[in-house]
Amino acid sequence: MDDKLIIGGKEIESRLFIGTGKFARYDLIPEVIRAAKAQVVTVALRRVDFNNPGENMLEYLPENVIVMPNTSGARDAQEAIRIARVARAAGCGNWVKIEVISDQKYLLPDNFETLKAVEALVKEGFTVLPYMSPDLMAARRMAEAGAAAVMPLGAPIGTNRGLKTRELVQILVSEINLPVIVDAGLGKPSEAAEAMELGAAAVLVNTAIATANNPVLMAQAFGEAVSAGRKAYLAGPGTSRQVAEASSPLTGFLRNK
Amino acid sequence: MMVKINGTTCEIPDNSSITGMLTARKQPLETVIVLLNDEVITREKWGSLKLSSGDSVEVVRLIGGG
């Protein structure tokens, strides 16, 4: 079936995007990407700790993946714009996940500052995917500003609580003419499938895979769930009912009365 | 001379290059990105470009993130 996701002019086969944070070892990441069949992966940019030199993250990413740096750590639009520019200069390509957060308890995104960053970075030629609270008006403005997709949260980052924003995400799917990618909070493959069944174009998963006992197997499970959820959406679920409706005909019973 | 590296003021030898500064800090050169006074400096300039007193240098790297 021809069911391509197109973002920023690129055809994406896999609707499971993977975050690369929290893995116990970087060498798990290529295995996870393979098991999930993921094509889009996120990375972050940080100051080097001179006392603890780290490894080169990019060495662990297969060549065919799209690397999408996030702007985590940014507290306002200006900081996000700066991080995006540095990441591009570092050879990450044009894609960027805008993440502007000033709330440290729930790590909820600041839609206002995010919109400003989207406006500026689109003008600079970036393919911009904003992480956002699922607010319809904000999403419309992100779309008008030229965002390539919108990425509403399912639940706060790292909580594994599932699609708590279901009703609002449903509205975005129905009203926004852009791919809606559920990012953050999905804890189980069934929750990823739920997002896909309601029409999300993709999901982005990090914590649920990275903190599983077996991240590679969990990545495969998420990949299969996302694929199943997408197929169910395309197939069009039957209507739900309050009372029973027999599946077998109610005639020709083998009884006398 | 005094420069700021990753937000910390430190003393480095006069006429240090970016390569010299990174080598002194035992940084593998191929894995880092360098900004000098908020501008990304391409790798080929690291050897020739000399730091000046009061410069602000950021040494950053891509890491795992969601």
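Just so you know, these numbers use all the heavy atoms, side chains as well, and skip hydrogens, waters and symmetry mates. Predicted, not measured: the structure shown is a model, and the values here were computed from it. By convention in this document, chain letters (A, B, ...) are assigned in the order of the sequence lines, proteins followed by strands, and residues within each chain are numbered from 1.
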*Asks:* Would you indicate whether the side-chain heavy atoms of Pro189(A) and Met218(A) approach each other to under 4.5 Å?
*Replies:*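 Side-chain contact under 4.5 Å: yes.
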
*Asks:* Which heavy atom in Met132(A) sits nearest to a heavy atom in Ala139(A), and how many Å separate them?
*Replies:* CE-N, 3.4 Å

*Asks:* Tell me, yes or no, whether the heavy-atom count around Glu39(B) atom CD, taken from other residues, nucleotides or ligands under 6.0 Å, exceeds 12.
*Replies:* no

*Asks:* Looking only at heavy atoms, which two atoms of Thr42(A) and Thr20(A) are closest? And how far apart?
*Replies:* O-OG1, 2.7 Å

*Asks:* Going by side-chain hydrogen bond (donor to acceptor under 3.5 Å, both in side chains), name the pairs with one or both residues in residues 92-103 of chain A, residues two or more places apart or in two chains.
*Replies:* Arg88(A)-Asn94(A), Lys97(A)-Asp183(A)

*Asks:* So, for Tyr106(A) and Pro156(A), which heavy atoms are closest and what is the spacing to 0.1 Å?
*Replies:*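 Closest approach of Tyr106(A) to Pro156(A): O-CB, 3.5 Å.
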
*Asks:* Which bit of Ile33(B) comes within less than 4.5 Å of chain A, counting heavy atoms only: side chain, backbone, both or neither?
*Replies:*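 Answer is side chain: those atoms of Ile33(B) sit under 4.5 Å from chain A.
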
*Asks:* Return yes when atom NZ of Lys4(B) has more than 12 non-hydrogen atoms of other residues, nucleotides or ligands closer than 6.0 Å, and no otherwise.
*Replies:*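 No, NZ of Lys4(B) has 12 or fewer neighbouring heavy atoms, counting only those of other groups under 6.0 Å.
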
*Asks:* Given that the side chain runs from C-beta out, which part of Tyr131(A) has a heavy atom under 4.5 Å from chain B: side chain, backbone, both or neither?
*Replies:*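 Interface part for Tyr131(A): neither.
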
*Asks:* Heavy atoms under 4.5 Å from chain B: which residues of residues 78-86 of chain A carry them?
*Replies:* Arg82(A), Val86(A)

*Asks:* Pick one of side chain, backbone, both or neither for Leu45(A), based on which atoms fall under 4.5 Å of a heavy atom in chain B.
*Replies:*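 Contact with chain B: backbone and side chain both.
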
*Asks:* Below 4.5 Å from any heavy atom of chain A, which atoms of Leu62(B) appear? Answer side chain, backbone, both or neither.
*Replies:*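 For Leu62(B), backbone and side chain are both near chain A.
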
*Asks:* Most heavy-atom pairs under 4.5 angstrom with chain B, which of Asn206(A), Leu61(A), Thr207(A)?
*Replies:*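 Ranked by heavy-atom pairs under 4.5 Å with chain B, first place is Asn206(A).
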
*Asks:* Val59(B) versus chain A, heavy atoms under 4.5 Å apart: side chain, backbone, both or neither?
*Replies:*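 Contact with chain A involves both backbone and side-chain atoms of Val59(B).
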
*Asks:* Of Thr71(A), Val118(A), Asn111(A), Leu115(A), which is the lone residue that meets side chain to side chain contact (heavy atoms under 4.5 Å, CB included) with Pro130(A)?
*Replies:* Val118(A)

*Asks:* When you measure from the side chain of Ser17(B) to the backbone of Leu49(B), do you find a donor-acceptor pair of N or O atoms at a distance under 3.5 Å?
*Replies:*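 Answer holds: no.
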
